[in-house]
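See structure below.
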Amino acid sequence: MQKLPLWRTPLARLYDSRKRILVTGGAGFIGSHLIDRLLEQGHEVICADNLFTGSKRNIEHLHGHTRFEFMRHDVTFPLFVEVDEIYNLACPASPIHYQHDPVQTTKTSVHGAINMLGLAKRLKCKVFQASTSEVYGDPSVHPQPEEYWGNVNPIGPRSCYDEGKRCAETLFFDYHRQHGTEIKVARIFNTYGPRMHHADGRVVSNFIVQALRGEPITIYGNGQQTRSFCYVDDLVEGFIRLMDTDSAVAGPINLGNPGEFTIRELAEKTIAMTGSKSELVERPLPVDDPKQRQPDIAKARAQLNWEPSIALEEGLARTIAYFRTVLPELVEA
Ligand code: NAD
Ligand code: UDP
Ligand code: UDP
């Protein structure tokens, strides 16, 4: 039988397959869903989050769970814990949030990556990086395969996020080459679902909240720009499959739903599905807003046997149901 490290609890030793897993950014939208899945699988989870954009509300249902632990921690500082795997998700993800303190955004991506890689190097454990389709910038290749190097403005308002994530990828691959660290880099395309922050300005949550409140639906530009929307449960399945691959698979690997919609189509669908009387209004297009985005997921299909299974209408219905429940609470809070 494999010899387990001494720091494992006596209880954990009874379960060879149980792992202790660190999730940074675990109180955020995607992180909290990932934690739910890992706990369901029987693992122990440490969630490290500074609660900048995440919320205790996203993990309050785990309060008192014997295999769950929350640490208020900023990943730009070193972290010394003993774990078997690391998922590094800590980073504000919506343009409003990451542009609020752009210097901190770059620090979170870059120093956060260095600290999590240093931790993984010491523990000789796998480390997963939540990278992004933003590494492709405003793409001139469509759909985007992993081989495409991107079209990114290095000095614009989105650069703190885009270049921060690109530098994090560089660090991951250099730790891999230089120190043999086992890395798993996922490039995530627009993801949506319950527990999105209601006021972080992302298009799916904005449109649903506006529709439910009967406020105008704000289309930036003419609404002809496109995005591909992946439901969070599908994405989490992709994360876990990628983490479970052998050491030959490092990525980067695109995870997203190839179904591509214009922003105007999304607005119309949201109005129809909520039964809202909201009207559509056009607002100025943000600087450097990508015109189109669609993942090429051939690699994820081949290497992870993964593809999304939840269509936009089904995912939207679940997300609308979530916001119908929480919106009155948020108004009162
Ligand atoms: P989110 O804002 O809901 O979650 C990010 C979490 O990181 C929050 O809980 C926040 O408090 C925490 N955090 C931020 N800075 C931190 C720091 N310095 N130290 C510790 N914790 C910190 O966003 P999300 O949508 O759940 O995104 C999770 C990850 O996935 C991010 O890395 C993001 O870049 C990536 N991603 C998300 C999408 C998407 O569509 N949601 C797309 C591409 C990539
Ligand atoms: N680090 C950490 N936890 C650990 C080991 C390292 O947070 O368990 C941090 C450490 O503080 C350092 C970073 O990770 O700033 C990179 O570590 P590495 O060993 O690669 O580099 P060095 O310590 O030599 O700068
Ligand atoms: N968008 C919009 N109205 C909104 C919020 C966003 O038209 O109220 C547009 C935005 O300009 C972009 C797309 O929707 O073209 C997706 O925006 P989001 O911030 O969700 O993600 P990202 O731009 O990072 O893909």
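None of the values given here were measured: they were computed from a predicted structure. Each ligand, and each atom within it, is numbered from 1 in the order the structure gives. Each residue takes its place number in the sequence, starting with 1.
Here is the list of ligand 1 atoms found below 4.0 Å of a heavy atom in A93: 2 (O), 23 (O), 24 (P), 25 (O), 27 (O), 33 (C). Within ligand 3, the atoms closer than 4.0 Å to a non-hydrogen atom of F207 are 3 (N), 4 (C), 8 (O), numbered from 1 in the order shown. Applying the 4.0 Å criterion to heavy atoms of T191 picks out, from ligand 1, the atoms 39 (C), 40 (O), 41 (N). Near N190, with a cut-off below 4.0 Å to any heavy atom, the atoms of ligand 1 are 40 (O). Numbered from 1 in the order shown, with element, the atoms of ligand 1 that lie under 4.0 Å from a heavy atom of F52 read 11 (O). Atoms of ligand 2 lying under 4.0 Å from any heavy atom of P78, numbered from 1 in the order shown and given with element: 7 (O), 11 (O). Proximity to G25 (heavy-atom distance under 4.0 Å) selects the following atoms of ligand 1: 6 (C), 7 (O), 9 (O), 12 (C).
Within the 4.0 Å heavy-atom criterion, the part of Y161 lying near ligand 1 is the side chain and not the backbone. Here K165 has side-chain heavy atoms under 4.0 Å from ligand 1, and that is the only part of it that gets that close. The side chain of R202, and not its backbone, has at least one atom closer than 4.0 Å to an atom of ligand 1 (non-hydrogen atoms only; side chain from C-beta on). Residue contacts with ligand 1 for T24 are absent, since no atom lies close enough (heavy atoms, distance under 4.0 Å). Using a 4.0 Å cut-off between heavy atoms, H179 makes no contact with ligand 2 at all. By the criterion of a heavy-atom distance under 4.0 Å, the side chain of N206, and not its backbone, is placed next to ligand 3.
One option in D101, N50, L51 has a heavy atom closer to atom 15 (N) of ligand 1 than any other, and that option is N50. Looking at D288, V281, V203, it is V203 that brings a heavy atom closest to atom 20 (O) of ligand 3. Atom 3 (N) of ligand 2 has its nearest heavy-atom neighbour, among L79, I114, V83, in L79. Counting heavy atoms only, A130 comes closest to atom 30 (O) of ligand 1 of the residues G26, A90, C91, A130. Of the listed options N58, I30, V75, I30 places a heavy atom closest to atom 37 (C) of ligand 1.
Looking only at heavy atoms of the protein, atom 18 (P) of ligand 2 is closest to K121 NZ, 3.5 Å. N115 OD1, 4.1 Å is the protein heavy atom nearest to atom 10 (C) of ligand 2. For atom 4 (C) of ligand 2, the closest non-hydrogen atom of the protein is F80 CE2, 3.2 Å. Closest to atom 6 (C) of ligand 2, if we only count protein heavy atoms, is G118 C, 3.6 Å. What sits closest to atom 4 (O) of ligand 1 on the protein, heavy atoms only, is G28 CA, 3.5 Å. Counting protein heavy atoms only, atom 8 (O) of ligand 2 is closest to R122 NE, 2.6 Å.
Taking distance alone, with nitrogen or oxygen atoms compared against 3.5 Å, G54 approaches ligand 1 more closely than that limit. Considering backbone and side-chain N/O atoms, T53 comes within less than 3.5 Å of an N/O atom of ligand 1. Of the polar atoms of T132, none of the N or O atoms is found under 3.5 Å from an N or O of ligand 1, judged by distance alone. Between N190 and ligand 3, an N or O atom pair is found at a separation short of 3.5 Å. Between A48 and ligand 1, not a single N/O pair is under 3.5 Å apart. Considering backbone and side-chain N/O atoms, S55 never comes within less than 3.5 Å of an N/O atom of ligand 1.
The closest approach between a heavy atom of Y175 and any atom of ligand 2 is below 4.0 Å. At least one heavy atom of H73 sits closer than 4.0 Å to an atom of ligand 1. At least one heavy atom of S131 lies less than 4.0 angstrom from ligand 1.
In this structure, atom 22 (P) of ligand 2 has no protein heavy-atom contact shorter than 4.0 Å. Less than 4.0 angstrom separates atom 25 (O) of ligand 2 from none of the non-hydrogen atoms of the protein.
Contact check on K126 versus D84 returns no salt bridge, with no Lys/Arg side-chain nitrogen under 4.0 Å from an Asp/Glu carboxylate oxygen.
A donor-acceptor contact closer than 3.5 angstrom is absent between the side chains of Q144 and S133.
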